[in-house]
2 protein chains.
Amino acid sequence: MSETGRSTRERILQAAGKLFYGEGIRAVSVDAVAEKAGLTKRTLYYHFRSKDDLIAAYLEIRDQPNLALFKRWFAEAQGDVAAKVEAIFRNLARSARHSKWKGCGFLRTSVELVNLPGHPAMVIGRAHKKRVEDWLCSVFEEAIASREARQLARQIILLMDGAFAVVLLHRDPTYMETAGAAAARLVRGMVSTPRKSIKAAKIGRTIRPRIG
Amino acid sequence: MSETGRSTRERILQAAGKLFYGEGIRAVSVDAVAEKAGLTKRTLYYHFRSKDDLIAAYLEIRDQPNLALFKRWFAEAQGDVAAKVEAIFRNLARSARHSKWKGCGFLRTSVELVNLPGHPAMVIGRAHKKRVEDWLCSVFEEAIASREARQLARQIILLMDGAFAVVLLHRDPTYMETAGAAAARLVRGMVSTPRKSIKAAKIGRTIRPRIG
DNA sequence: TTGTGTATATTCACTGGTCAGTATACATAA
DNA sequence: TTATGTATACTGACCAGTGAATATACACAA
């Protein structure tokens, strides 16, 4: 892999990323990706065996950064676990207000490949969602039992992916904040660390102008 | 519209419904729909002006029955509002266990048409989701304030659509029940009708073997 | 230094196939 | 006859993937 080779591959992936995320994998032709990358389709096929390979690579490179972003938002947020979870949704809402935002690429790709469960992109998508869930689970396990942490993590994931879908459908980012409020409420209902923090959570809830 | 005309139209819609829902609107060609309906493409184009029209009609005829099903599940369930909402999810989980289940057709179509917000099918999809939300809202309004009812309805919708997406991705219907548990928990947290039912809800929560 | 071989990287032009939609004609019933 | 409904056969555009040739860069021998 020479220097030019690597940069070419990256240019292709960048073009593919913008187009696949922006318009969907089926709506975008290989020709369109090649043109956006400023090279010939044949060159693209030198670096990627097939369109399916390209789709898989497009998701693959988004896996780690995406999870890292969640972790960063969580770590940088103030307050208890519930507030930190809610901060993730608040940041997602901010993202969703950008005009180029088109929901979750993993979820959308999985919808477009609904009848190809073994497709590499589907495998990557499932692994990504699982990784986010596992991370949330590990966070909750510091406060509650393992089985309950798993359930809670799944509920947060459900709210998040629901928000991805609903915000995209209605083009209304406030649903993301509604999801965040629900998530915080669920967390507070489960993670009541020792004893007095139940009261603390209640106070926190009362102060909020938003419901949930 | 003669008798044959109507039945032909219905045959087309039935074929389109199975194929569009089963494989996605972009993956299914008009030729495929015509063949499944047992007629030629030209005949199909006599009854529908375009593929987009057919897609819109495919969703249109699913709007009312879908909502009616939710209402029936809710009405036939035993227990308080929370239990009735949870029953909807339980029924959805049962549906999701069928091999032909492929999530929510409205949501999936909206993903496939992500860059065509004015597409008739998108308008229908948004209206459908809105109708379900409004119905849930009206149910909650019998117990709590209007603004809180709206928020709660949206949170249930978020869980439901999240479950549609996640169950489809992982092919694991238990997420639907997890979503139902979260929904019930959220409802119980808000709909504590007069005064003592707060305690009742807490007891109910403790008894449940499932978390949430 | 110069020539030669080899692997990498890229281009142009093409194939076989699919797709949405249509031109035209035919049939049947009011 | 005219309106409705159906069929055959077609168009033009697009699309994933390929064949064959070429360009570039580097290694090593003369």
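All values below come from the heavy atoms of this structure, side chains included, with hydrogens, waters and symmetry mates left out. Order of the sequence lines fixes the chain letters, A, B, ..., with proteins taken first and strands second; residue numbering starts at 1 for each chain.
When rounded to the nearest whole Å, the span between CG of Leu54(B) and P of dG21(C) equals 10 Å. Tyr46(B) places its OH atom 10 Å from the C1' atom of dT6(D), with the value rounded to the nearest Å. Separating the CD atom of Glu35(A) from the C1' atom of dC12(C) is a distance of 15 Å, rounded to the nearest angstrom. Rounding to whole angstrom units, CG of residue Asp53(B) and C1' of dG21(C) are separated by 13 Å.
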For this session: Tell me, with the steps shown, if Ser50(B) and Asp52(B) meet side-chain hydrogen bond (donor to acceptor under 3.5 Å, both in side chains).
Result: CA-CA 5 Å; Ser50(B) 64; Asp52(B) 288 332; 4.9 Å; no
Problem set entry | Per-nucleotide protein contact string for nucleotides 25-30 of chain C (B base, S sugar-phosphate only, - none; heavy atom under 4.0 Å) | ------
For this session: Would you give a per-nucleotide map of nucleotides 8-20 of chain D, 5' to 3', where B means the base has a protein non-hydrogen atom under 4.0 Å away, S means only the sugar-phosphate does, and - means neither?
Result: B------SBBBB-
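Remark: His98(A) NE2 to Trp101(A) CH2 distance equals 12.5 Å, nearest 0.5 Å. Of the inter-residue distances, the one linking Arg26(A) atom CZ with Glu112(A) atom CD reads 7.0 Å to the nearest 0.5 angstrom.
Side-chain atoms of Arg11(B) come within 3.5 Å of backbone N or O of Ala37(B) as a donor-acceptor pair. Put simply, the side chain of His119(B) gets close to the backbone of Ala121(B): a donor and an acceptor are under 3.5 Å apart.
Where the helix from dT1(C)-dA30(D) to dA30(C)-dT1(D) starts and where it ends, the local axes point in directions that differ by 20°; five pairs per end, rounded to 10°.
The side chain of His47(A) places an N or O atom within less than 4.0 Å of a non-bridging phosphate oxygen (OP1 or OP2) of dT10(C). The phosphate of dG5(D) has neither OP1 nor OP2 within less than 4.0 Å of any side-chain N or O from Thr8(B).
Listed by chain and number, the residues in a salt bridge (charged side-chain N to carboxylate O under 4.0 Å, His left out) with Arg171(A) amount to none (sequence neighbours excluded). With sequence neighbours left out, Phe106(A) forms a ring pair (Phe, Tyr, Trp, His ring centres under 6.0 Å) with His128(A).
Shortest non-hydrogen contact noted between Ser110(A) and Leu169(B) is CB-CD1, 3.5 Å. Here the closest heavy-atom approach between residue Glu86(B) and residue Ala184(B) is recorded as OE1-CB, 3.4 Å.
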Which donor-acceptor pairs under 3.5 Å do the side chains of residues 130-140 of chain B make with protein atoms, sequence neighbours left out?
residue, atom, partner, partner atom, Å
Lys130(B), NZ, Asp134(B), OD1, 3.3
Lys130(B), NZ, Asp134(B), OD2, 3.2
Arg131(B), NH1, Asp63(B), OD1, 3.3
Arg131(B), NH1, Asp63(B), OD2, 2.0
Glu133(B), OE1, Tyr175(A), OH, 2.4
Glu133(B), OE2, Arg150(B), NH1, 2.6
Glu133(B), OE2, Arg154(B), NE, 3.0
Asp134(B), OD1, Arg150(B), NH1, 2.8
Asp134(B), OD1, Arg150(B), NH2, 3.1
Ser138(B), OG, Trp135(B), O, 2.6

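The cationic atom of Arg108(A) (NZ for Lys, CZ for Arg) lies less than 6.0 Å from the six-membered ring centre of Tyr21(A) and within 45° of the ring axis.
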